[in-house]
Student: 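This is the structure I have questions about; it appears just below.
One is the number of the first residue; the rest follow in order along the sequence.
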Amino acid sequence: MRVIFALAAGAAAVSATLVERPSLPAGWRESLLSLAEDSIVTENDDFNFHIIVKDQNMDELRSFVERVSDPTNSEYGKAMSASEVAEFTRPSAEDTAAVTAWLDAADGCSYSVDEFGRHIWVSCSVQAAEALLSTQIGHLINREQNQEVIRARDYTIPEEVSNAAATIFGLHGLPIPVKPALVSTSITNPANVTPAVLADTYKISGVKPAGTDVNRMAVAEFQNQNEEDSDLVAFFKEYVPDAQPGDEKISKFVGDPDQQQPGVEASLDIQYIMGVAPHVQSEFWLYDGMDFCADLENWTSTILKDDNGPNVHSVSYGWQGNLTTLQCTDDKVNVVDDNFVKIAATRASIIFASGDSGSGYAPPQPDCSKQEQDVVNEGTIGSHLQTEGADECCEYAGQQAAGYSFEASGSPPSPGPTCSATDFGKKDEAFVGTPIQEFQLPATQEFLCCAVARRSPPLKPYYFNLIPNTDGTFNCSLYSKVGSQQKRKGAYSGQPSQPQTGNCTLFSEVTGTKPSKGTISGSTAAPTSVTLWPSWPASSAYVTAVGATRFVDQTVGQPEMATDQFGSGGGFSSMFDQTNAKWQVDAVAAYVNNPPKDPTYPPEGSFNPKGRATPDISALGEGYQVFTGGEVQPVGGTSASTPAFAGMLALINEERIQNGKPAMGLINSFLYQNADCFTDVTLGTNAIGRGTGPLKYGFNATAGWDPATGLGTPIFDKLLEAALKA
């Protein structure tokens, strides 16, 4: 959230913009310590952030993309190079200058600007960044997810900088939660899907790739999803035996180094885009950052640096939920979406998984600020657990209960300094012993030695010594065991206290309350409205969204239905309407004007019927046979159907290029104009979560386009024929 206000500067008032940090989602905490509890953020540490200056001419570029992507338009097939797009949308010199003038006046910071004045990378000390932005910088940690980042709190920038900048990355932003891959079990027991099964099911044949760099495809991976080359070798030997020598090799790695430590998702992506389209050069793009929106911006900006990049990008990554919980605010979403527009102008295709959480229905989360003191709930108890305070108890209740009560344990906090204010150790005394760790602290941050020693329960706090140096800094030493204490002038020492924990009772049903001194209680909010979350970036109008199906009776050769191992992601965007998705207006209207008679159909007002609707199409998404670490396992997800369809598109591009035509580019207009090239899927629903079973609300598959399976599944030979005529 941005708030304009005035700051006094001498006799003049300077307008400034306050950018508030979105609320931290459940599981995330501010922390003085890193996740491993072995480091802190000090004022001399480096801190980097990335400013994007506002583009020009984006409306004109969207109009260009609409014309050149429509097979019925006389300009169909035209394209700009990436460098032409960058020049066409170059920010104004005044906007770039407004940002650099602000940075020029900052002490302790340096910056670089790209040739178009769009990207400004800033590097400061923590102290300088805090002064420049009027903020505090520190660790955010999530122990349950084993994730951590260093980010700012609310920050302030001059109004002229706010007006010139599209957004700033690196100050706020979180990674998406890690979820286990959708590996099938003996209970789900899906039909085995291999490249041969896909070829037979979708009639994939008739294209002989030349293997040149004129036609290339890529997968994009994030958050440490690596592949292993030996798995590709084994996969091709087992499932693509007729491939040519070398087809099992990735032609190029882009981004962060691949660690050759295979992740299931990355292995699935690369094996099935290559397995469907062997002998098409394949690239592996990897971004290990821990900031959902910033990583997407980095990836898309990297695509736009190359005038001759891959023609198809397959991405099994996205978020079905409130983006602000990832600190991915509208300004950041719009920057990434603008990059999708630019990529579409270059005639590259981006294929996104539509998500695995079905309709994305999520019950409201509790408001943990509304708690009753000295009251205990009555009702049906679901479970007990130990938590650090009532807020953490409330967060657990929001995930699985109707209400909660928190009662602090009878024992008081452990003795010792609290590490707050001036209470950070016994003055003029130091422990004798052998330290397990030592580091230096800047002046004015001596309290951090106590804070680092505290650690989180159940870990026992370290003992600490804080010894002053002649230059005003301090040496901090941590000990697991100590001997006696000795007098030392200016030193501080101690063992920090630990906060009081307590018993958290979760109620599956709350029937009333009664007085109970010292107990804090609350209830989860009763649903007042229905919220559905389609996946983003799949819901951008400038990418193609792919849902998932399975064989009826889990038997190869049977018709297909919407997957039920998980929910095929789909619905209607509240961020983007159909203004830039005119190609789907008629198909979507036919669905929403004649909704299926089903009790799970969402109530009126719960979705925007004119929002960008997903998915566009679907393909098989259960039982893919994937090599990971040398072992084969059946894997599912729209992350399976997506690279499979991307491989088909790469083959279509190959045939077009061999016939003197350009690559397909943004294919959505083409798809909706050729709905007869898909097998309509009319069975199943996406009122199914990801590992949560049935959802209260969702969308059924039905005749024509629907939010569970889109237009249906591809008939490759018909798509190829239509593409060669376009």
Side-chain angles (χ1 to χ4, degrees), residues 146 178-200 211 217-288 314-317 353 356 548 550 554 556 565-566 619-644 646-647 650 690-691:
N146 196 35
V178 176
K179 296 181 180 179
L182 290 166
V183 177
S184 303
T185 66
S186 57
I187 297 175
T188 55
N189 195 28
N192 290 348
V193 175
T194 65
V197 169
L198 292 169
D200 289 343
M217 57 188 182
V219 297
E221 307 297 334
F222 301 87
Q223 293 184 203
N224 301 304
Q225 271 292 320
N226 298 271
E227 64 80 44
E228 188 169 14
D229 293 345
S230 60
D231 285 335
L232 269 171
V233 172
F235 176 81
F236 267 75
K237 182 178 180 180
E238 180 71 20
Y239 297 122
V240 200
D242 296 332
Q244 300 180 41
D247 282 354
E248 76 287 354
K249 294 181 180 179
I250 294 171
S251 62
K252 185 179 181 181
F253 290 87
V254 178
D256 293 317
D258 180 65
Q259 302 298 320
Q260 293 293 298
Q261 297 174 348
V264 175
E265 292 287 355
S267 301
L268 168 64
D269 290 346
I270 193 65
Q271 288 172 27
Y272 275 86
I273 196 171
M274 294 175 67
V276 168
H279 208 55
V280 174
Q281 290 193 17
S282 303
E283 299 180 4
F284 189 89
W285 293 43
L286 176 63
Y287 296 88
D288 283 337
S314 176
V315 193
S316 301
Y317 187 63
D356 301 332
R550 72 165 173 87
Q554 297 290 9
V556 174
Q565 180 190 359
F566 56 92
L620 286 166
E622 292 185 20
Y624 279 52
Q625 304 300 292
V626 178
F627 273 86
T628 309
E631 300 293 328
V632 178
Q633 52 188 333
V635 183
T638 54
S639 52
S641 52
T642 299
R690 191 184 197 276

Student: Roughly how far apart are D242 CG and D247 CG, rounded to 0.5 Å?
Tutor: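 These two atoms lie 11.0 Å from each other.
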
Student: Can you name the nearest heavy-atom pair linking G636 to F566, along with the distance?
Tutor: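 Answer, listing the atom of G636 first, then F566: C-CE2, 4.1 Å.
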
Student: Determine whether the aromatic ring centres of residues F627 and F236 are separated by less than 6.0 angstrom.
Tutor: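 Ring-ring flag for F236/F627: false, centres at least 6.0 Å apart.
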
Student: Looking at L286, is its backbone amide N or carbonyl O close enough to the side chain of E221 to form a donor-acceptor pair, meaning the two atoms are under 3.5 Å apart?
Tutor: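 Such a contact is absent between E221 side chain and L286 backbone.
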
Student: Less than 4.5 Å apart, side chain to side chain, heavy atoms only: is that true for F284 and L232?
Tutor: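 Answer no - side chains too far apart.
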
Student: When you compare the side chain of N224 with that of Q261, does any pair of heavy atoms fall below 4.5 Å?
Tutor: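 Contact flag for Q261/N224 side chains = no.
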
Student: With the side chain counted from C-beta on, respond yes when N189 and Q554 share a heavy-atom pair under 4.5 Å apart, and no when they do not.
Tutor: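 The answer is no; the side chains never approach within 4.5 Å.
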
Student: Could you check whether any side-chain N or O of S282 sits under 3.5 Å from a backbone N or O of A218, counting only pairs where one atom can act as donor and the other as acceptor?
Tutor: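 It does not hold such a pair.
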
Student: Please examine the side chains of V193 and L198, heavy atoms only from C-beta on, and report whether any two atoms are closer than 4.5 Å.
Tutor: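 Sidechains of V193 and L198: in contact.
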
Student: Return the minimal non-hydrogen interatomic distance between S267 and G263, and the atom names on each side.
Tutor: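 Heavy atoms of S267 and G263 come nearest at OG-O, 2.8 Å.
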
Student: I'd like to know if the side chain of Q271 and the backbone of V626 have a donor-acceptor N/O pair within less than 3.5 Å.
Tutor: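 No, because the side chain of Q271 does not come within donor-acceptor range (under 3.5 Å) of the backbone of V626.
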
Student: Quick one: do the N226 and Q259 side chains pair a donor with an acceptor below 3.5 Å?
Tutor: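 Q259 and N226 do not have a side-chain donor-acceptor pair below 3.5 Å.
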
Student: Taking all heavy atoms of P262 and all of D231, pick out the closest pair and write down the distance.
Tutor: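 For P262 and D231, the tightest heavy-atom pair comes out as CB-OD2, 3.6 Å.
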
Student: For D269, enumerate each residue passing the salt bridge (Lys or Arg N to Asp or Glu O under 4.0 Å) test, keeping only those at least two apart in sequence or located in another chain.
Tutor: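 Here no residue qualifies.
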
Student: Show, in sequence, the C-alpha distance, side-chain angles and deciding distance for Q225 and Y287, and conclude whether the side-chain contact (heavy atoms from CB on, under 4.5 Å) test is met.
Tutor: CA-CA 9 Å; Q225 271 292 320; Y287 296 88; over 6 Å; no

Student: Go through K179 and R690 one step at a time and tell me if the side-chain contact (heavy atoms from CB on, under 4.5 Å) criterion holds.
Tutor: CA-CA 10 Å; K179 296 181 180 179; R690 191 184 197 276; 3.4 Å; yes

Student: How close do S316 and A353 get, counting heavy atoms only, and between which atoms?
Tutor: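 Here S316 and A353 meet closest at CA-CB, 3.9 Å.
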
Student: Could you give the distance from CD (E622) to CG (N192), rounded to the nearest 0.5 Å?
Tutor: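 Reported to 0.5 Å precision, the distance equals 12.0 Å.
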
Student: Shortest non-hydrogen contact from S314 to P643?
Tutor: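 Where S314 meets P643 most closely, the heavy atoms are OG-CA, 3.3 Å.
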
Student: Please list, chain by chain and in numerical order, all residues satisfying salt bridge (Lys or Arg N to Asp or Glu O under 4.0 Å) with E283, sequence neighbours excluded.
Tutor: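 Here the qualifying residues are R216.
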
Student: Is it true that the side chains of Q260 and E227 contain a donor and an acceptor less than 3.5 Å apart?
Tutor: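 Looking only at side-chain atoms, E227 and Q260 do form a donor-acceptor pair, the distance falling under 3.5 Å.
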
Student: Filter on salt bridge (charged side-chain N to carboxylate O under 4.0 Å, His left out), then keep only pairs touching residues 254-263, sequence neighbours left out; what's left?
Tutor: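 Those involving residues 254-263 do not exist here.
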
Student: Which atom names give the shortest non-hydrogen contact between A646 and I273, and what distance separates them?
Tutor: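 Shortest heavy-atom contact: CB-CD1, 3.9 Å.
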
Student: Just say parallel, tilted or perpendicular for the rings of F222 and Y317, cut-offs at 30° and 60°.
Tutor: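 Because their plane-to-plane angle is under 30°, the rings of F222 and Y317 count as parallel.
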
Student: Can S639 and E265 be counted as having a side-chain donor-acceptor contact under 3.5 angstrom?
Tutor: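 E265 and S639 do have a side-chain donor-acceptor pair below 3.5 Å.
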
